[in-house]
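Remember, it's 1-based here, ligands and their atoms both numbered in the order they're listed.
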Amino acid sequence: MSRAELEEFFLSLGEPKYRSTQVFKAVHERRLVSFEEITDLPKKLRAKLEESAAISRLAVESRYVSTDGTRRYLMKTADGYPVETVFIPTENRDTICFSSQSGCPLKCDFCLTAKLGLLRNLTVGEIVEQVIIVLNDVYGVAGETPHGTNLVGMGAGEPFLNFDNLIAALEIMADEDGLFIVPNRVTVSTAGIVPRIYDLAKLENRPHLAISLSTANDELRDRLMPINKKWDLDELMTAAKEFEGSLRRGERFTFEYVMLGGVNDRDSDANELVRLLEKYQLKKVKINLIPHNGAEQLDYNASTAERVSRFKSLLESNGVDAYVRQPRGRDIYAACGQLAAKSEANSAAMN
Ligand code: SAH
């Protein structure tokens with residue numbers, strides 16, 4: 001519930017308004033997971049809440065810990081659908097990668113989540129609770145988060161097909177009486193749901209944007225990411241251009257590019273990408289090259305390290321900033337494109 005909904009709820013119970021702030025803080029700032037623990041509420045009210053409400057609607061089924069410290073959480077909704085969340089620590093920053101849908105309706109050919117199909121959209125509560133569960137696991141209930149937390153909406157699902165819930169969840173997580181993870185620390189990624197890119201551009205408190213591009217060629221993109229048949233590169237780049245116009249001073253946005261050996265990693269592919277950015281005069285962009293994470297059901301090979309580095313320098317020599325995303329948690333199926341609710345991991349890495 002948003003703060004307004006929570007207020008409404010307490011009023012409907014015949015309780016004073018300030019109770020809603022008390023409970024909001026208990027759930028989001030102190031990260032308490034049951035009404036029982038909110039001992040500053042009268043016992044009678046706690047019992048009443050126990051009957052009419054729930055703090056938690058997700059259960060952690062299993063937790064996998066990678067040799068690189070990445071953690072993958074396989075959770076289940078109250079009605080039995082899988083939800084996956086990933087914790088990615090680096091030396092001076094933690095990132096939590098949350099899911100917006102159970103499964104995914106998009107049929108990107110190189111992605112394992114696609115094999116699940118769409119199970120359902122996640123609720124606002126299910127999006128927020130993923131983050132609370134991870135923080136409580138890593139730092140203990142109500143534990144300090146030493147260097148803050150960045151969020152990425154890059155887990156399972158297409159965030160822009162669950163746009164309203166996504167935005168409502170981000171608003172709750174940004175509240176300074178709660179998790180206080182401000183939009184500036186959040187990046188959401190879309191495979192190219194064009195109308196929502198325009199919507200995001202208009203939002204005042206909005207997260208950063210990443211667009212999964214993966215090729216500058218319509219014909220190839222139709223095959224790799226069938227969503228391209230609905231909104232092609234011209235429509236996508238026109239929206240991206242509009243979005244660029246809404247960026248704050250110093251802000252940039254990202255194109256993600258999954259590197260598929262022999263498919264989209266040739267010199268000619270890099271040149272085509274440079275020309276595409278030039279055509280739409282996109283300047284405040286960076287390219288994130290993502291080495292492909294393989295799986296048995298996927299028919300692609302990762303580009304060689306030499307190819308990735310050659311591709312990167314081709315972009316750079318044309319004035320395009322490019323970075324290579326370091327794969328994390330591959331051994332536990334936690335890396336990009338590997339979230340498919342697998343109840344497996346390299347047993348040596350299990351915890
Ligand atoms: N549906 C959204 C959010 C998911 S983000 C989107 O597509 O942007 C997940 C990222 O991982 C996307 O950039 C996607 O292109 C990339 N990806 C998918 N499968 C992958 C794989 N097997 N290896 C590496 N990256 C992959």
For residues 298-324, the salt bridge (charged side-chain N to carboxylate O under 4.0 Å, His left out) pairs (sequence neighbours left out) are R252-D321, D267-R307, D267-R310, K312-E316
Check this for me - ligand 1, E158, N or O atoms closer than 3.5 angstrom, yes or no? yes
Open item on the list: Would you say V152 ends up clustered with I290 if hydrophobic residues are merged whenever their side chains have heavy atoms under 4.5 Å apart, either directly or through other cluster members?
Closed with: no
Going by the 4.0 angstrom heavy-atom rule, the piece of C104 near ligand 1 is neither
Looking only at protein heavy atoms, what sits closest to atom 20 (C) of ligand 1 is G337 CA, 3.4 Å
Item to check | Geometric cation-pi criterion R3 and F24, 6.0 Å radius, 45° cone | outcome: yes
task = State yes or no: do L170 and I197 share one hydrophobic cluster built from I, L, V, M, F, W and Y residues joined by side-chain heavy-atom distances below 4.5 Å, directly or via other members?
result = yes
query: Does any N/O atom on F110 come nearer than 3.5 Å to any N/O atom on ligand 1?
result: yes
- prompt: Can R30 and D40 be counted as an ion pair, charged N to O under 4.0 angstrom?
  reply: yes
Original post:
Are side-chain heavy atoms of N293 and P327 found at a separation under 4.5 Å?
Top reply: yes
Within the 4.0 Å heavy-atom cut-off, what T113 brings close to ligand 1 is neither
Are P291 and ligand 1 in contact, using a heavy-atom cut-off of under 4.0 Å? yes
Original post:
Quick one: do K48 and E51 make a salt bridge, cutoff under 4.0 Å?
Top reply: no
Heavy-atom proximity to atom 17 (N) of ligand 1, picking from N293, L260, V258, points to V258
Checking heavy-atom distances from atom 7 (O) of ligand 1 to each of A156, P327, S212, G192, the winner is S212
If we number the atoms of ligand 1 from 1 as shown, the ones under 4.0 Å from a heavy atom of T190 are 6 (C), 8 (O)
Note: ligand 1 atoms sitting under 4.0 Å from heavy atoms of C111 are 18 (C), 19 (N)
**Item:** Min N/O separation G157 to ligand 1 under 3.5 Å
**Value:** yes
of all protein heavy atoms, closest to atom 10 (C) of ligand 1 is E256 OE2, 4.2 Å
Charged tip of K342 within 45° of Y333 ring normal and under 6.0 Å
yes
Review point. Are L135 and V186 co-members of a hydrophobic cluster defined by side-chain heavy atoms under 4.5 Å apart?
Key: yes
- Task: For the residue pair L236 and R221, establish whether any side-chain heavy-atom pair is separated by less than 4.5 Å.
- Result: yes
heavy-atom search around atom 4 (C) of ligand 1 in the protein gives G155 O, 3.6 Å
protein heavy-atom neighbour closest to atom 11 (O) of ligand 1 works out as C336 CB, 3.5 Å
the protein heavy atom lying closest to atom 9 (C) of ligand 1 turns out to be M154 O, 3.7 Å
